[in-house]
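Below is one structure, written out as structure tokens; the observations come after it.
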Amino acid sequence: MASSSLCGYLVLAVLVVLTASCRARDTFAPGRPLATNETLVSGGDANFVLGFFTPPGANNTYVGVWYNKVSVRTVVWVANREDPLPGDVADNPGATLSVSPSGTLVIAAGNSTVVWSFTPATKLASPMARILDNGNLVLADAGGAVAWQGFDYPTDTLLPEMKLGIDYVKGRNRTLTAWKSPSDPSPGPVVMAMDTSGDPQVFIWNGAEKVWRSGPWDGVQFTGVPDTVTYSGFTFSFINNAKEVTYSFQVHNVSIISRLGLNSTGNYGLLQRSTWVEAAGAWNLYWYAPKDQCDAVSPCGTNGVCDTNNVPVCSCLRGFTPKSPEAWALRDGRDGCLRSTPLDCKNGTDGFVAVKHAKGKLDDGQEIAVKTLSKTSVQGLEEFKNEVLLIAKLQHRNLVRLLGFSISGQERILVYEYMANKSLDYFLFEKSNSVLLDWQVRYRIIEGITRGLLYLHQDSRYRIIHRDLKASNVLLDKEMTPKISDFGMARMFGSEETEINTRKVVGTYGYMSPEYAMDGVFSVKSDVFSFGVLLLEIISGRRNRGVYSYSNHLNLLGHVSSNHLPHAYMQLADETMNNSFDSDEVLKCITVGLLCVQENPDDRPLMSQVLLMLATTDATTLPTPKQPGFAARRILMETDTSSSKPDCSIFDSATVTILEGRQHANA
Ligand SMILES: *[C@@H]1O[C@H](CO)[C@@H](O)[C@H](O)[C@H]1NC(C)=O
Ligand SMILES: *[C@@H]1O[C@H](CO)[C@@H](O)[C@H](O)[C@H]1NC(C)=O
Ligand SMILES: *[C@@H]1O[C@H](CO)[C@@H](O)[C@H](O)[C@H]1NC(C)=O
Ligand SMILES: *[C@@H]1O[C@H](CO)[C@@H](O)[C@H](O)[C@H]1NC(C)=O
Ligand SMILES: *[C@@H]1O[C@H](CO)[C@@H](O)[C@H](O)[C@H]1NC(C)=O
Ligand SMILES: *[C@@H]1O[C@H](CO)[C@@H](O)[C@H](O)[C@H]1NC(C)=O
Ligand SMILES: *[C@@H]1O[C@H](CO)[C@@H](O)[C@H](O)[C@H]1NC(C)=O
Ligand SMILES: *[C@@H]1O[C@H](CO)[C@@H](O)[C@H](O)[C@H]1NC(C)=O
Ligand SMILES: *[C@@H]1O[C@H](CO)[C@@H](O)[C@H](O)[C@H]1NC(C)=O
């Protein structure tokens, strides 16, 4: 017994010694270079290794960073991709990676010949290089100031937290460049970079040719990568300001190893997102681009249609013929199509494609919705043109898409994408329908509207105020994804303008902010007010203006805000949800709703802040909402019977202004 337990202690002691001596360092400093027979391992979770390596099939040696916990060596960053040491690692016993006393990074051969070096712009008093747990090699002064980092010089892989794009402050244009081949890390012709010449978007080039584009960022994802939103567990971020235009991503669960790699040799696309699956001992590819011929940049040119189900994939719109038939015959449609007959709307040659099957499918099978505006429509020609021009330029998952339009005499037609589930008011305010909206669905709808409105306000190329956000203008597709519609009242505003004054007050009573209804001043904050009202309606299942039954003739806003206690807030929740909801989430949403309807526009959050607030898990960290607009006045008017006339007339005049406004609009 005694001897066996003694033996156990000995084994344990040996293990402890081994562990201590095997724990690799994560830094190198002047006088302590890294030799080819050692590696640095990042601190923290020991996720990454820095060391010398020879790619399979090569006879060159490089310094690179690879995963520590991925059994198939996967290099994510290479320092000297164009300046290797000749021979494999074993051929270079005396080679080193070092940092000089002044802070120059150096890779030197065994005979001390320098093959690669980097001198940072600032001279360092006491330099030290460290491999961080996110894969970043940083060169810093002992004081901590980072003078250089590997993340500013990406190779072919974008790691979580790494930024692709332009850093105007550092003057860095961070791009990915694929290896020439799996045995040659030197830069090949395939490059991925942020293009800022128009709306910023990511392009992939193969040599001089653009082979893929991401489309502009819509606030949540790139428009050309619409499946991104389905990735749970990731945060994607796009920053576009005076300091940087960058894209990056983060993975919530630190034990998930995920990378975005640019690859000129893979069978699946050029850009690949993959995640390491330890049990399989392999990378699981779960997204790639380009996916097919139609995913290329304008494969069929202007007026061309690309469809991978057709052979050849390119065809021309009706009334158009290929610009260069010779090229098209050789399956190259990039020149596009030219009109073969003059534009003729009168004779019925051009115009809408006949709709077979009774609304709603186009020839290509797409379901559509047709909105016909009657001759006596409240919407004037101006509003109609406004809507068409605006919406044609907008593309976002949470905005309804306009597919076409027609103006013929007095008749005006808009063709929208088809919305299987009508509009939000149809579900919300009919008790028999509202049972279909459980809390998860309502919450998803709230998030969707938030994103759509954020896109309009901040992220689209055109800054837009909707001016008529309400439940009936939120359409629902077959998956109950909300889509903001009806841009007849929308206004575009310049990036310098923050508010606009109008004599023409248009919009819907119950959703209109006080400053807009009374003074005709509208800004993004008037949309935020309408959003707040809508949010409270979604939670309560009641119309703002319809709720007079509670007490003291308060409307919905007045009712909510007069119940300041959280448990009283909760009574607001639509009873058709049977109390089966996450009450923290409901409380959070009610608070956000109340913050949006505050009387003073400056107190109301921006939609970007709303999105952040919805993302916080703890409602108690949110600010306490002040009095909502209108409700306060109404309370004053309704409860203070001795109230002097001016208070009443303020409210009355608001009502009058609204009525006048609508008449104006109708005229
Ligand atoms: C690495 O190689 C050098 C000689 O080049 C040797 O002195 C040193 O002990 C080796 N270190 C390890 C950890 O093997
Ligand atoms: C690899 O390169 C080294 C140094 O240039 C050379 O000595 C060696 O013969 C090469 N080996 C092969 C297999 O080509
Ligand atoms: C030193 O080593 C490098 C790399 O192995 C080689 O290219 C160079 O010719 C060598 N120089 C001398 C003087 O031996
Ligand atoms: C960044 O690099 C890409 C690819 O080389 C280039 O197309 C783009 O214009 C560059 N952007 C800037 C701002 O230099
Ligand atoms: C994180 O991922 C690991 C590996 O897939 C899994 O075992 C673990 O449960 C995940 N943790 C959380 C909090 O989701
Ligand atoms: C490129 O593809 C090859 C073959 O599928 C794979 O081994 C390699 O890891 C890929 N590289 C990147 C950066 O994704
Ligand atoms: C429209 O039809 C009329 C009568 O058939 C014809 O004279 C005219 O040229 C046509 N217009 C166009 C643009 O084809
Ligand atoms: C929404 O529409 C789809 C497709 O028509 C239908 O299957 C689904 O039941 C509808 N959802 C609700 C809540 O009515
Ligand atoms: C609430 O309960 C009623 C009656 O039990 C049921 O018909 C309804 O579907 C429930 N609503 C939800 C959202 O679960």
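Whatever order the structure lists them in is the order used to number ligands and atoms, beginning at 1. One is the number of the first residue; the rest follow in order along the sequence.
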| message | Side chains of S274 and Q272 only: does a donor on one sit below 3.5 Å from an acceptor on the other? | response | no
In this structure, does ligand 4 have an atom that sits under 4.0 Å from one of the heavy atoms of F203?
no
Quiz item: Judged by non-hydrogen atoms, does I166 sit under 4.0 Å from ligand 4?
Solution: yes
- prompt: Do any nitrogen or oxygen atoms of N173 lie less than 3.5 angstrom from nitrogen or oxygen atoms of ligand 4?
  reply: yes
Sorted by chain and number, sequence neighbours left out, side-chain hydrogen bond (donor to acceptor under 3.5 Å, both in side chains) with D167 holds for R174
Worksheet entry | Exceeds 12 heavy-atom contacts within 6.0 angstrom, atom OH of Y426 | no
Applying side-chain hydrogen bond (donor to acceptor under 3.5 Å, both in side chains) to S102 and not counting sequence neighbours gives S100
Does NZ or CZ of R442 come closer than 6.0 Å to the centre of the six-membered ring of F581, within 45° of the ring's axis? no
A student checking ligand 4 against W205 at a 4.0 Å heavy-atom cut-off should list atoms 7 (O)
For S472 and S423, does a side-chain donor sit closer than 3.5 Å to a side-chain acceptor?
no
* Asked: Does an N or O anywhere in D477 fall below 3.5 Å from an N or O of ligand 8?
  -> no
A193 heavy atoms within 4.0 Å reach ligand 4 at atoms 2 (O), 3 (C), 4 (C)
* **Atom CZ of R334: over 12 foreign heavy atoms under 6.0 Å** => no
Under 3.5 Å, side-chain donor or acceptor atoms of residues 106-113 against the rest of the protein: list the pairs with distances, not counting sequence neighbours.
residue	atom	partner	partner atom	Å
N111	OD1	T113	N	3.0
N111	OD1	T113	OG1	2.8

Exercise. Could you go step by step and tell me if F236 and F222 meet the ring pair (Phe, Tyr, Trp, His ring centres under 6.0 Å) rule?
Worked result: CA-CA 10 Å; F236 298 93; F222 289 111; 9.0 Å; no
Quick check for students: name every N or O atom pair between ligand 3 and the protein closer than 3.5 Å, with distances.
residue	atom	partner	partner atom	Å
ligand 3	2 (O)	N111	OD1	3.1
ligand 3	2 (O)	N111	ND2	2.6
ligand 3	11 (N)	N111	ND2	2.7
ligand 3	14 (O)	N111	ND2	2.9

